[in-house]
K.L.:
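Quick one: structure below, then a few questions.
Chain letters run A, B, ... following the sequence lines, proteins first and then strands; every chain starts at 1.
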2 protein chains.
Amino acid sequence: MTLKQLEAFYWAATCGSFTVAASRLHLSQSSLSKRVSELEESLSCQLFDRSGYRCTLTPAGTELLPKARQMLNASEDIVATVGKDLGIKGWCRFGTGEIAASSWLPQFVVSVKQQFPDLSLEPYVELGRELEQRLIDGELDFAIIAHPPSDPSIQYELIAEVDFDWIVAADMPCPRKHALATLVEKLPIISMHKNASTSKILDHWLRMQHNPKPKIVTCNNMSAMAGLVAAGLGISYFPKGWIAPLIEKRIVKIVPGSEPLEKLAYYFHWRADDNRRLIKELKGLVLENVNYGMPILML
Amino acid sequence: MTLKQLEAFYWAATCGSFTVAASRLHLSQSSLSKRVSELEESLSCQLFDRSGYRCTLTPAGTELLPKARQMLNASEDIVATVGKDLGIKGWCRFGTGEIAASSWLPQFVVSVKQQFPDLSLEPYVELGRELEQRLIDGELDFAIIAHPPSDPSIQYELIAEVDFDWIVAADMPCPRKHALATLVEKLPIISMHKNASTSKILDHWLRMQHNPKPKIVTCNNMSAMAGLVAAGLGISYFPKGWIAPLIEKRIVKIVPGSEPLEKLAYYFHWRADDNRRLIKELKGLVLENVNYGMPILML
DNA sequence: CACTCTTACGGCACCCGTAAGAATC
DNA sequence: GATTCTTACGGGTGCCGTAAGAGTG
């Protein structure tokens, strides 16, 4: 019995799939299968029921699972407390929404490369719901998601709260009073894709209104949205930091007198059973970037 | 970091010697040294101070020691609870005193061979004090000793209490009353070697007497002692079971009317930090042999 | 000189990945 | 047929033991 075998078993069991576990451990699927087989052999005990389409845990496997977790925890603990803190090696697969991907991601990657040159980052851009599922499945090491997790097996920590502003083309004439209401009557709202977490902001705003429903145009790309707004084809809402450069260049402007939109809280999500130093370090690095004084969503 | 490395480190640290640890793990000394080095490399951290004659633990090593123990415990726990109980493989090095070695040892070895054909036994015969030290040093896996351990790192369990009788040649004339006192005046007491645990019985008996000190002849071999007694050259005390065959053959006899000697309690000793199934199984086997209904010390 | 641990090195065994096979849906 | 896990196999790495080296008391 080796730690590698226990690790392979643990992730195979909790990912619910040998294939996913192999991917997570950056191992070929056949090697992972072999590791599990060898563990079974060394314990002389079937851990997976292989009769079905997917492998399922036997009672013995279910019994082993928490014990394997303990071993891996203890192992991590040793490395963390006794081992000298060296650079982290290996891979990290993480997920973010599109906004984050197009804003702080490059800077984050640069920070990681500086601090951990031997770590390979594999960003994965998807909508929040999808990211959470992939995290649960063990395909991702962590994810930045704009809502708290719905599954208790996921731990999370607040990273930042992002302010949004109503934006309109800089040359769009606006009345002094009730500018937003006037604009909404004339122009469509250009909104993020419905499944994106940012769309929650619009949902919330809409519930606050008693006006008839405004026209809404959806788009799945922030830059394209900004272009549409700049061309005077609609109004939209953007993260303050993200849109700031365009305001400075007088391409767009904040809708005057508009009430602030609901803040969007971003959380760092990770599997509660994953206590690798890797996770802690990268969480720290994300938080550090926030603490540089600039909003996390900065182009 | 692997379990083998942690095991090597643990025994190197607790045995206080790479050489002894290697012997205990049935590994060449150089391989053990390499395992420890590789552990240090994987933790990027010196665990032993190699400047002196012997290696000593660094602070980091001291910190690691209990954690390594936990890992090995957890590992043993998994094998014990999840793993199917198969025959035990490997080696077991154990110690006994001379009495045990010349009495129940062969039967014990046969029992072990029957139940665990793949287990190699390595008996080691020494005096009790010596055995305990070798147990502490990690050179022995267990020992049968006629006194409780003096070191708290050793666990123990009562195996059997052995009765001793005063023995004299069968044809030696004995008065009806005070036979023992009369014999002691005429004949020397043939006793086991002073460092043997059985000598405690004589010490105890002597303290109970207010007579002048009797002549005492020591001998380091039970069979030789029996021969001396049979030849009428002295009296001695033997375990009931051990001497029974010679009584039946009317070569020696119990000194009539002699008061019973103090019982000698035999204990199964093992290192408290050694929780291998091997130990539990062999302890059980020793106890089973006792429970066969015959005294443990049976030729 | 006895004893400790380390280093060098040849050989074997283990473990990985590729690729093909078997089974399920 | 797509996906899942297993098996076969070639190749490289890791680990063991022998033997020689270096340092201590």
K.L.:
Without swapping roles, check the side chain of Ser31(A) against the backbone of Leu27(A) for a donor-acceptor pair under 3.5 Å.
P.N.:
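No, because the side chain of Ser31(A) does not come within donor-acceptor range (under 3.5 Å) of the backbone of Leu27(A).
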K.L.:
Any ion pair linking Arg24(A) and Asp137(A) (charged N to carboxylate O, less than 4.0 Å)?
P.N.:
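Salt bridge absent between Asp137(A) and Arg24(A).
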K.L.:
Just the atom pairs and distances: protein N or O near nucleotides 12-16 of chain C's N or O, under 3.5 Å.
P.N.:
unit_1: dC16(C); atom_1: OP1; unit_2: Arg35(A); atom_2: NE; d: 2.5
unit_1: dC16(C); atom_1: OP1; unit_2: Arg35(A); atom_2: NH2; d: 2.4

K.L.:
Is it the case that the ring center of Tyr266(A) lies less than 6.0 angstrom away from the ring center of Tyr156(A)?
P.N.:
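No.
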K.L.:
Regarding Ser17(B), tell me which of base, sugar-phosphate or nothing describes its non-hydrogen contacts under 4.0 Å with the strands shown.
P.N.:
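Sugar-phosphate: the residue Ser17(B), judged by heavy atoms under 4.0 Å, touches backbone atoms but no base.
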K.L.:
Write down the distance between CG (Leu39(B)) and P (dG14(D)), rounded to a whole number of angstrom.
P.N.:
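After rounding, the gap between these two atoms is 16 Å.
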K.L.:
Between Asp141(A) and Arg271(A) (salt bridge meaning N to carboxylate O under 4.0 Å), is one present in this structure?
P.N.:
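No, this pair does not count.
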K.L.:
I'd like to know if Glu76(A) and Arg277(A) make a salt bridge, using a cut-off of under 4.0 Å between side-chain N and carboxylate O.
P.N.:
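Judged by the 4.0 Å cut-off on N to carboxylate O distance, Glu76(A) and Arg277(A) do not form a salt bridge.
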K.L.:
Which is more 5' along DNA chain C, the nucleotide nearest His26(A) or the one nearest Ser51(A)? Just name the residue.
P.N.:
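The residue mapped nearer the 5' terminus is His26(A).
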K.L.:
Atom CD of Gln46(A) to atom C1' of dC5(D): distance rounded to whole Å?
P.N.:
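To the nearest whole Å, that distance equals 13 Å.
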K.L.:
To the nearest angstrom, how far is Arg54(B) atom CZ from dG25(D) atom C1'?
P.N.:
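About 12 Å, once rounded to whole Å.
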K.L.:
Whether Glu130(A) and Arg134(A) form a salt bridge (side-chain N of Lys/Arg under 4.0 Å from carboxylate O of Asp/Glu) is what I want to check.
P.N.:
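So Arg134(A) pairs with Glu130(A) through a salt bridge.
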K.L.:
I need the CZ-C1' distance between Phe18(B) and dT24(D), as an integer number of Å.
P.N.:
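Distance check: Phe18(B) CZ to dT24(D) C1' gives 15 Å.
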K.L.:
On a plain distance test, is the side chain of Ser30(B) in donor-acceptor contact with the base of dT18(D) below 3.5 Å?
P.N.:
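Such a pair is found, so the answer is yes.
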K.L.:
How many Å lie between CD on Glu41(A) and P on dT7(D), as a whole number?
P.N.:
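The distance from CD of Glu41(A) to P of dT7(D) comes to 11 Å, rounded to the nearest Å.
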K.L.:
Whole angstrom is fine here: how far is it from CD in Glu40(A) over to C1' in dC5(D)?
P.N.:
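Glu40(A) atom CD is separated from dC5(D) atom C1' by 12 Å.
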K.L.:
Calculate the interatomic distance between Asp137(A) atom CG and dT4(D) atom C1'; express it in whole Å.
P.N.:
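Nearest whole value for this atom pair: 15 Å.
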K.L.:
Examine Arg69(A) relative to Tyr10(A) and say whether NZ or CZ is less than 6.0 Å from the centre of the six-membered ring and inside a 45° cone about the ring axis.
P.N.:
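Judged by the rule (NZ or CZ under 6.0 Å from the ring centre, within 45° of its axis), Arg69(A) counts as positioned above Tyr10(A).
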K.L.:
Taking for each residue the nucleotide of DNA chain D bearing the nearest heavy atom, is the 5' side occupied by Gln29(A) or by Tyr53(A)?
P.N.:
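Comparing both residues, the 5'-ward one is Tyr53(A).
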